[in-house]
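Heads up, the thing below is written out as structure tokens.
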Amino acid sequence: MKKVILEAQQLLRETGVENPRVEVTKDPRYGEVSSSVAFELAKKLKKPPLEIAEEIVSRIDFSRANVITVAEVAKPGYINFKINWKLFAQDILDDVLKNGRAYGFPNIGAGKHVLIEHTSVNPNKALHIGHARNTCLGDTLYRLFKRLGYSVVIANYIDDSGNQMADLHIAFKKLGYSLSPPKGERFDEYCGRIYAEVNKIIENNADLLQEKRRVIAELENVGSETFKFNREIVDLVLKDQLSTCWRLGARYDILNRESDVLAFNLWSEVFESLKERGLVYYAEEGPKKGCWLISLSEHPVLSKEGDEVLVKSDGTTTYVARDIAYAAWKLGILRRDFKYNRWGKNPDGSYILITEMDGKVSFPIGKASLVVNVIDSRQKRPQAIVKYAVEKLGGGGGSYIHFAYEVVSLSKRDAEKLGISTGGRFVQMSGREGIYINVEPVINLLKERAKEEILKRHRDWSREKIEDVSEKIAVATIRYELLKSDAEKMIIFDSEEASKLEGDTGPYLLYSYVRAARILEKASIKEFTTTPYNEELEEAEKNLIRKIAYMPLIMEEVANLLLIKRIASYANELAKMFNDFYEKCPVIGSKENIMQFRLALVKAFKQVFENVCSVLGLPLPEEM
RNA sequence: GGGCCCGUAGCUCAGCAUGGACAGAGCGGCGGCCUCCUAAGCCGUAGGGCGUGGGUUCAAGUCCCACCGGGCCCGCCA
């Protein structure tokens, strides 16, 4: 498709138009690509656009064109280019079938390195549906960059210090909670539940509050009993959390414990640099007396809300301070580095490393040209401070991006199911208040629904096959649901709505793929040809080919703008075009030359669809 | 008080970055389509003029300003 645009621009340039703007039309009635240069020139030349367009078109030398056949002038002054479909279709299908898995992914990332942090759920609870949004977004970015040729490292920040961990300590050590959850409940779910219970108790008890402060301080004491016990709990929760992430299709390279940002002295190195550059100051008096603050007075926006405390008067660091150190490390501008031990393996067999003081493994991350941090949009201000700080520290030439996404809230209906009354349309999730819906039960519900559907049509399937396919459908459904909406918009989650399997959903996508698989399986002949059977193809065929041709443009655009939902819409459009083709253009049973071409088209669709879904992380069953 | 995000059909949302050709989907409503490659599908029909008011422009859902409504953030919490 890009070729067509370039060709049109070239033709226009040859008539004397400078920098002609050519874009893909949104309606095929206007040809494949069109230009509105006549409007831009109208003012300069003081002539009506229509006249200018006519003149330009009359000057185009079509003998120099390849795939473009003709240009037409339309109503107010557009120039619409039409193409030789026979050539175009064959070109696209050849491209897809020749490149296979690689089709649609321009190699724009060769030699570039990206670090992505995502998930980063506090290790005191199970993933709720909002955390799943983070994981799916981050994992999709990983998949996209990887396919575009970037080298990518995935980090998961483990906040193992502070408040939320202290609450669990008190629950286990002082309030008599057992370390083993009741039968049927996972450890991460269990911790999430007791965290909410215990938090209320502690907040209303002065003795426990004091104990909590003691625990928080002890947590920074590397090697203490409290420190060790904490690592035990964190590890158990992490195991469960990551099994959920894996189920969602995500993978990780490194787990960075927040406590280790201090333990490995990354913070002290950064603190020294900040002091050297005069970016921080010590408050001698006033309400922040005894604190070290970062000066934000030079920042146009942040300055309006005052400077930020990095080191508290008791000498401990704030979350923002530790995050600045972590960010500087990510950008590769620190001398110091973490050490790791192997923590486990991803389902793909790759190792996951975790920071450890006496770790044996080094994992130099190098200089990232791009550091992407998938963090919800409530943290925009702290993230802006982090970005400001690392840029002042030299930034290493890479760019630090806060990929902000809105939270997931619960619908009124779901909130009421949890026994929460609300006047509004939705209610914010809160781990501390026990207002959340975990993602595992949602996937399980989807899986049950999928099984019911499978049983309706495949009474003869084995249990294993039903398990496998229903799991794929469930995962595809939840991922698509979380990826298709604008990251900047809040999702109001309603389990009833989300468990639908019809319409603009994951199953709709999978279904089109399965239909394609069936055609290829059942076709009596295996020979195919990318040469169209006719000068004029059916509209449905053209629409499908056109959509297939867009893929490289979409992928490159998304990599630049990080607009993930655009991949999701693209997948949906592809599926829609295929379903339309499926209804209107019989493959099996048509005349041999038609069948051979359509088989090639179905093959191409299946390949492209597989490529797109591999980026979205939607697992594809061959039957459903 | 300051900063940020959102406001498009009854409901859920796409389209806004690079303004352009009649404003699109899904769900729900109504009416159709399984002797034919899986109907988790397809087709038709009703339904909005894009929160409001200004402005820029040949052209504004898309850009600018103000206002209204909803949400988030401004802690020696993370």
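Within every chain, numbering begins at 1; the chains are lettered A, B, ... in the order of the sequence lines, protein sequences first and strands thereafter. No hydrogens, no waters, no symmetry mates; every other heavy atom, side chains included, goes into these values.
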query = Within the structure shown, what part of the strands sits under 4.0 Å from Lys456(A) by heavy-atom distance: base, sugar-phosphate, or nothing?
reply = nothing
request  = Between Asn80(A) and Leu561(A), name the one whose nearest nucleotide on RNA chain B is closer to the 5' end.
outcome  = Leu561(A)
query = Is the ring centre of Trp267(A) less than 6.0 Å from the ring centre of Tyr326(A)?
reply = no
key: G-U wobble or Watson-Crick pairing nucleotide for A40(B) (cut-off 3.5 Å, both distances)   = none
query = If you look at every strand shown and take non-hydrogen atoms under 4.0 Å, does Thr318(A) touch a base, only sugar-phosphate, or nothing?
reply = sugar-phosphate
ask   = About how many Å separate CG of Asp323(A) and CD of Gln383(A), when rounded to the nearest 0.5 Å?
value = 5.5 Å
task = Select base, sugar-phosphate, or nothing to describe what Gln428(A) touches, counting heavy atoms under 4.0 Å on all strands.
result = sugar-phosphate
inquiry  = Base, sugar-phosphate or nothing for Ile473(A)? Non-hydrogen atoms, less than 4.0 Å.
reply    = base
task = With heavy atoms under 4.0 Å as the rule, sort Lys289(A) into base, sugar-phosphate or nothing.
result = base
query = Contact class for Arg566(A) vs. all strands (heavy atom < 4.0 Å): base, sugar-phosphate, or nothing?
reply = base
remark   = Atom CD of Glu488(A) and atom P of C6(B) are separated, to the nearest Å, by 5 Å
inquiry  = If I compare all heavy atoms of Cys191(A) with all of Leu168(A), which pair ends up nearest, and what's the gap?
reply    = O-CD2, 3.8 Å
inquiry  = At less than 4.0 Å, is any side-chain N or O atom of Lys380(A) found next to OP1 or OP2 of C5(B)? Yes or no.
reply    = no
task = Identify whether any heavy atom of Ala42(A) sits under 4.0 Å from a base atom; if not, whether one sits that close to sugar-phosphate; answer base, sugar-phosphate or nothing.
result = nothing
request  = With P as the reference atom in both, quote the distance from C37(B) to U18(B) in angstrom, rounded to an integer.
outcome  = 49 Å
key: Rounded distance in Å between the P positions of C6(B) and G44(B)   = 34 Å
Close approaches to RNA chain B from residues 513-523 of chain A, in residue order (heavy atom, under 4.0 Å) = Val514(A), Arg515(A), Arg518(A), Ile519(A), Lys522(A)
message = Classify Ser313(A) by what it touches in the nucleic acid, base, sugar-phosphate, or nothing, heavy-atom distance under 4.0 Å.
response = base
task = Kindly compute the distance separating CD1 (Ile216(A)) from NZ (Lys212(A)), expressed to the nearest 0.5 Å.
result = 5.5 Å
task = Give Pro48(A) one of three labels, base, sugar-phosphate or nothing, depending on what nucleic acid heavy atoms sit under 4.0 Å from its own.
result = nothing
task = Select base, sugar-phosphate, or nothing to describe what Val309(A) touches, counting heavy atoms under 4.0 Å on all strands.
result = sugar-phosphate
Residue whose closest nucleotide on RNA chain B lies nearer the 5' end, Ser485(A) versus Gln164(A) = Ser485(A)
task = List the protein contact pattern of nucleotides 22-35 of chain B with one symbol per nucleotide (5' to 3'): B for base contact, S for sugar-phosphate-only contact, - for none; contact means a heavy-atom distance under 4.0 Å.
result = B--SSS--------
key: side-chain contact (heavy atoms from CB on, under 4.5 Å) partners for Glu54(A), two or more places apart   = Val73(A)
query = Looking for any heavy atom pair under 4.0 Å, which part of the strands does Ile454(A) touch: base, sugar-phosphate only, or nothing?
reply = base
ask   = When syn is taken as a glycosidic angle within 90 degrees of 0, is C34(B) syn or anti?
value = syn
request  = Could you give the distance separating G19(B) and C58(B) at their P atoms, to the nearest angstrom?
outcome  = 15 Å
